[in-house]
Number of protein chains: 2
Amino acid sequence: MSSAIAGAAADGSVAVGGRKAPADKYDERRRALGDSALRTLGELGYARASLREIANNSEFSHGVVHYYFEDKHDLIVYCVREYKSVCVRRYDGVIADSTTPEELVGGFADKLIETLRDEAAMHRLWYDVRTQSMFDDRLRAVAVEIDGWLEEMVGRVVGRYAELAGTVPALPASVLYGIVDGLFQQALLGVTQGREGVLEELHALVHALLPTMVTPA
Amino acid sequence: MSSAIAGAAADGSVAVGGRKAPADKYDERRRALGDSALRTLGELGYARASLREIANNSEFSHGVVHYYFEDKHDLIVYCVREYKSVCVRRYDGVIADSTTPEELVGGFADKLIETLRDEAAMHRLWYDVRTQSMFDDRLRAVAVEIDGWLEEMVGRVVGRYAELAGTVPALPASVLYGIVDGLFQQALLGVTQGREGVLEELHALVHALLPTMVTPA
DNA sequence: CCGTCGTCTTGACAACTGTCAAGGGTTTTC
DNA sequence: GAAAACCCTTGACAGTTGTCAAGACGACGG
């Protein structure tokens, strides 16, 4: 019986207290498997990454996936949501610590090209999942959810920038996100193609564009 | 032997002249199969559309694909390139006929939401292929090529708009394309999710944004 | 009327997929 | 220390995939 999954789902919400709960180890393993899967998924993409390949690149065998996850869809949703939930918090420090508009732009642009350089595989996986969500109903919900997170993130950055500049954003967050996301995606495509200077261009572009996203002071 | 493909490839470039050449029928069939495949691909996406399913939705059997195309990759590249090559010419009439900036914006926005409404499946297929190109080397070339077409298209639209307004674009075509593409993609996601008012919002957005894409007159 | 060429169908192939049942160790519990 | 629970591996399943060879069918030219 698949008591492990059902049981853990029940236990997990109860959040047992005193001793080293078994749910801890379960969640830990689940996270480890998710991390490992994330690497393979980022390398091969949603369609090409089979459960066997994912398991091969981990310390487990291929059958274990169904012990910790309901099915492939469940695993992928878990992985992407896990990654993206920390991803959207990347600029919180910059937002909190910046005291001038220029400082915020610099910090934002720096971290943007940093993640573009270091985590390109994760980003292309996200775009893969979001695109697949247009064909697969089961991915729709999580894609919409994460897209909402990202929109809020961009909204926070531009909102804080406007605040520091003593003004307000010139466009709704959804539009700002669409613009930033489009440019980021183009940069990601450029990175994947091995084009030179992509990171520097995006860095400069952010500096040039952010001031135009708020109403003149 | 696969003489059909090899022979046609050789014939195709020679472009035989006088009589009703067999290459005509060959190309005609190839186009018909491509059209049919395009419908299935737009419905299911790159990964889920099997050659059997594609053939099922056509008047042919599944084996015929390898008579007209080298392999699945060849078929998909042919289809997408074929569709996109007419797609990027969609606004040429508007560009040529408009006599005022406002007229051009209106025509551009109209056609944009028209294709978003009527050909959503084709657009999500394109985004699918472009995203897959980040995982699959064999798709890279065609994705880069088509992305170039689209960038030029946006460049032509904004360039003509600036001309009619007596000024010049404020940003390079690559940036303009990134912005427009990002917003278009968000709208496409919205349409796919069945969100209301997406088309109207994009229409208004184009009207609001295009003037900001040229240097003030 | 025979043979040839172009066109298309059928059937098979090997490989790969997600899924899951059966069972072996290992740990925990009483 | 026996019994139960937990964790994980192995092996198999049914289905699907891209690919291609063998051959049928019809048209056309001799």
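The sequence lines fix the lettering, A, B, ..., with proteins before strands; numbering per chain opens at 1.
Picking from C/dT9, D/dC7, C/dT19 the nucleotide with the shortest atom distance to the side chain of A/Asp71 gives C/dT19. The side chain of B/Val64 approaches C/dC8 more closely than any other nucleotide in the set C/dC8, D/dT19, D/dC7. Across D/dT17, D/dC8, D/dT19, the shortest atom-to-atom separation from the side chain of B/Ser50 is found for D/dT17. Comparing D/dG18, D/dC7, C/dT10 by their closest approach to the side chain of B/Ser61 singles out C/dT10.
Atom pair B/Arg30:CZ and C/dG6:C1' shows a separation of 16 Å (rounding to whole Å applied). Atoms CG (A/Leu75) and P (C/dT17) sit 15 Å apart, rounded to a whole Å. Rounded to an integer number of Å, the gap from CZ of B/Phe69 to C1' of D/dG18 is 15 Å. Straight-line distance from the NE2 atom of B/His66 to the C1' atom of C/dG11: 15 Å, rounded to whole Å. The CZ-P distance, from A/Arg29 to D/dC8, rounds to 4 Å in whole Å. Between B/His73 atom NE2 and D/dT19 atom P the separation is 11 Å, expressed in whole Å. In this structure, the CZ atom of A/Arg48 is 16 Å from the C1' atom of C/dA15, given to the nearest Å. Rounded to a whole Å, the OH atom of B/Tyr68 is 12 Å from the P atom of C/dG6.
Between B/Tyr68 and B/Tyr26, the gap from one ring centroid to the other is short of 6.0 Å.
Contact check, A/Tyr67 against D/dC7: a side-chain N or O comes under 4.0 Å of OP1 or OP2.
Salt-bridge check for B/Arg48 with B/Asp128: failed, with every basic side-chain N at 4.0 Å or more from each acidic carboxylate O. In this structure, A/Arg156 does not pair ionically with A/Glu151, as no charged nitrogen and carboxylate oxygen lie closer than 4.0 Å. Look at B/Lys111 and B/Asp118 and you find no salt bridge, because none of the NZ, NE, NH1 or NH2 atoms lies under 4.0 Å from a carboxylate O. Of the charged side-chain nitrogens involved, none lies within less than 4.0 Å of a carboxylate oxygen, so that A/Lys84 and A/Glu145 do not count as a salt-bridged pair.
Comparing B/Gly63 and A/Glu59, the nucleotide of DNA chain D nearest to each residue sits closer to the 5' end for A/Glu59.
Between the side chain of A/His62 and the base of C/dG18, no donor-acceptor pair under 3.5 Å is found.
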